[in-house]
There are 2 protein chains.
Amino acid sequence: MEVYIEPIGRLINEFSKLPGVGKKTAQRYAYKVIDMTETQAQEFAAAILNAKKKVKYCKICGNFSEEEVCPVCKARDGRVICVVKEPKDVIALEKLHEYRGVYHVLHGVINPMEGVGPNDIRIRELLARIGEGGVDEVILATNPDVEGDATALYIAKLVKPLGVKVTRLSRGIPIGSEIEYTDDVTLSRAFIERKEM
Amino acid sequence: MEVYIEPIGRLINEFSKLPGVGKKTAQRYAYKVIDMTETQAQEFAAAILNAKKKVKYCKICGNFSEEEVCPVCKARDGRVICVVKEPKDVIALEKLHEYRGVYHVLHGVINPMEGVGPNDIRIRELLARIGEGGVDEVILATNPDVEGDATALYIAKLVKPLGVKVTRLSRGIPIGSEIEYTDDVTLSRAFIERKEM
């Protein structure tokens with residue numbers, strides 16, 4: 001006999017496809033669904049279909065959008081473009097309520113090990129945006145890791161000749177942490193990128 | 001501006017209702033859904049609705065079932081009934097492929113602190129099953145915690161007078177662990193319930 005009856009097994013299988021969800025967690029989720037009222041389960045299913053149907057990508061910045069052009073691209077000052085790897089990076093930066101410019105979502109970083117080249121991410125689209133003029137600064141906000149650094153370097157080399165200022169988010173010891181407990185790579189980077197006071 | 005566009009915010013909200021899922025995890029799940037193909041998202045939503053619609057409770061043992069009477073109650077020897085708190089306990093025991101009797105799912109344990117009394121869980125139904133005759137043994141497999149122990153004790157007191165053998169899963173030091181690292185409560189319990197060799 002199968003351990004799970006078919007409808008439960010099938011739902012567990014679906015939940016297992018979510019990132020970081022193993023069999024045990026998927027089972028807990030499935031049981032939660034069975035515990036829901038009919039209406040709650042319907043709302044859950046509808047939210048999945050609705051998100052899949054309504055969420056498109058902004059044709060300018062590549063971020064998630066319900067419309068052709070996202071509210072950020074529509075309303076904000078386009079002179080500064082912040083380049084990020086993924087839509088979730090936009091969320092993280094927007095939460096600060098500090099940056100008032102626009103974004104450009106690459107949807108990936110250059111990663112030769114995984115076969116991702118410059119043409120597989122939205123670099124061409126970035127250059128096209130800059131080519132239209134009116135851009136003063138490009139802030140490179142890819143992750144401070146090997147791929148993020150390589151991607152930033154690659155973009156910087158292409159953008160600088162266009163006469164646009166290119167900056168990169170500073171790397172160093174996280175605020176509130178202690179030098180003693182900072183990892184070697186970060187600490188050495190903080191030394192190299194030390195700033196004059 | 002809202003941080004998330006509406007369809008994403010709504011989906012994150014739905015995922016947040018799953019047990020142990022915070023905003024960050026819900027966001028990861030939502031992004032995964034947006035990354036799915038149309039078909040994959042439809043299958044996910046359909047699995048939720050399907051599970052909610054098809055999963056009922058077996059009218060005998062109370063475990064999840066697609067039919068009125070579950071395959072276990074239909075096929076197995078009814079002389080031994082193993083009493084558990086929840087359907088997931090049945091899964092854990094079935095995985096051992098050792099027990100060949102039937103189950104009785106209480107759907108909870110007695111917990112006065114949370115207002116759960118004996119009449120709020122399926123104790124009456126258990127007594128009715130035993131009352132129909134043919135039951136030789138009741139194995140109490142509630143969790144080895146305060147509520148599980150109290151519930152087991154309560155049931156034992158009711159069942160024993162009916163001339164049915166009542167047993168409880170043994171508690172003690174987990175196999176493969178070390179005495180040095182066993183928590184005090186378990187260790188003291190293992191002393192009290194020590195067995196003659």
Side-chain angles (χ1 to χ4, degrees), chain A residues 1-15 17-21 24-25 27-38 40-55 57 63-67 70-72 75-76 86-88 90-92 94-95 97, chain B residues 1-15 17-21 24-25 27-38 40-55 57 63-67 70-72 75-76 86-88 90-92 94-95 97:
Chain A
M1 199 191 81
E2 261 298 309
V3 176
Y4 299 104
I5 59 174
E6 193 274 337
I8 297 180
R10 183 175 146 193
L11 185 54
I12 289 175
N13 184 41
E14 288 295 330
F15 275 125
K17 293 174 186 170
L18 295 174
V21 175
K24 206 93 188 176
T25 305
Q27 182 192 294
R28 278 172 68 209
Y29 293 171
Y31 286 3
K32 173 70 190 184
V33 168
I34 293 160
D35 259 357
M36 288 178 179
T37 66
E38 193 88 22
Q40 286 170 331
Q42 277 161 2
E43 276 165 9
F44 189 7
I48 290 169
L49 296 174
N50 181 63
K52 185 63 211 161
K53 206 177 87 187
K54 293 219 185 122
V55 177
Y57 297 101
N63 193 13
F64 294 140
S65 176
E66 288 183 84
E67 294 154 76
C70 76
V72 170
R76 298 267 191 90
E86 294 171 305
K88 65 181 171 208
V90 175
I91 302 289
E94 281 297 293
K95 275 181 182 156
H97 296 293
Chain B
M1 199 191 82
E2 261 297 310
V3 175
Y4 299 104
I5 59 174
E6 193 273 336
I8 298 180
R10 183 175 147 193
L11 184 55
I12 289 176
N13 184 41
E14 287 296 329
F15 276 126
K17 293 174 185 169
L18 295 174
V21 175
K24 205 91 189 177
T25 305
Q27 180 192 295
R28 277 172 69 209
Y29 293 171
Y31 285 3
K32 172 73 190 180
V33 168
I34 292 161
D35 259 356
M36 288 178 179
T37 66
E38 193 87 21
Q40 285 170 332
Q42 276 161 3
E43 276 165 9
F44 189 7
I48 289 169
L49 297 173
N50 181 63
K52 185 62 211 163
K53 205 178 89 186
K54 293 221 185 120
V55 177
Y57 298 100
N63 194 12
F64 294 141
S65 176
E66 289 183 84
E67 295 153 75
C70 76
V72 171
R76 298 267 191 89
E86 294 170 306
K88 66 181 169 205
V90 175
I91 301 288
E94 281 298 294
K95 275 182 183 158
H97 295 291

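Each chain gets a letter, A, B and so on, in the order its sequence line appears, and its residues count up from 1.
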Under 4.5 Å from any heavy atom of chain A, what part of B:E43 do you find: side chain, backbone, both or neither? both

Please flag which part of B:Q42 lies under 4.5 Å from any non-hydrogen atom of chain A: side chain, backbone, both or neither. both

Going through the checks in order, is the ring pair (Phe, Tyr, Trp, His ring centres under 6.0 Å) test met by B:Y4 and A:F64? CA-CA 9 Å; B:Y4 299 104; A:F64 294 140; 9.6 Å; no

So do the side chains of [X] and [Y] get within less than 4.5 Å of each other, counting heavy atoms only?
X: A:F15; Y: B:L18; value: yes
X: A:K54; Y: B:I5; value: no
X: A:I48; Y: B:Y29; value: no

Closest approach of [X] to [Y] (non-hydrogen atoms, all atoms of both residues):
X: B:A51; Y: A:L11; answer: CB-CD2, 3.6 Å
X: B:P7; Y: A:V55; answer: CB-CG2, 3.8 Å
X: A:G20; Y: B:R28; answer: N-NH2, 4.1 Å
X: A:Q27; Y: B:K88; answer: NE2-CB, 3.2 Å
X: B:R10; Y: A:A47; answer: NH2-N, 3.7 Å

Donor-acceptor contact below 3.5 Å, side chain A:K52 vs main chain B:I34: yes

Would you mind checking which part of A:A46 comes under 4.5 Å of any heavy atom in chain B, side chain (CB onward), backbone (N, CA, C, O), both or neither? both

Under 4.5 Å heavy-atom distance to chain B, tell me which part of A:Y31 shows up: side chain, backbone, both or neither. side chain

Do you know which of B:V33, B:L49, B:I91 has the most heavy-atom pairs under 4.5 Å to chain A? B:I91

Looking at B:A75, B:P87, B:P19, B:S65, which one has more heavy-atom pairs under 4.5 Å with chain A than the rest? B:P19

Could you tell me the separation between the CD atom of B:Q40 and the CD atom of A:E14, rounded to the nearest 0.5 Å? 8.5 Å

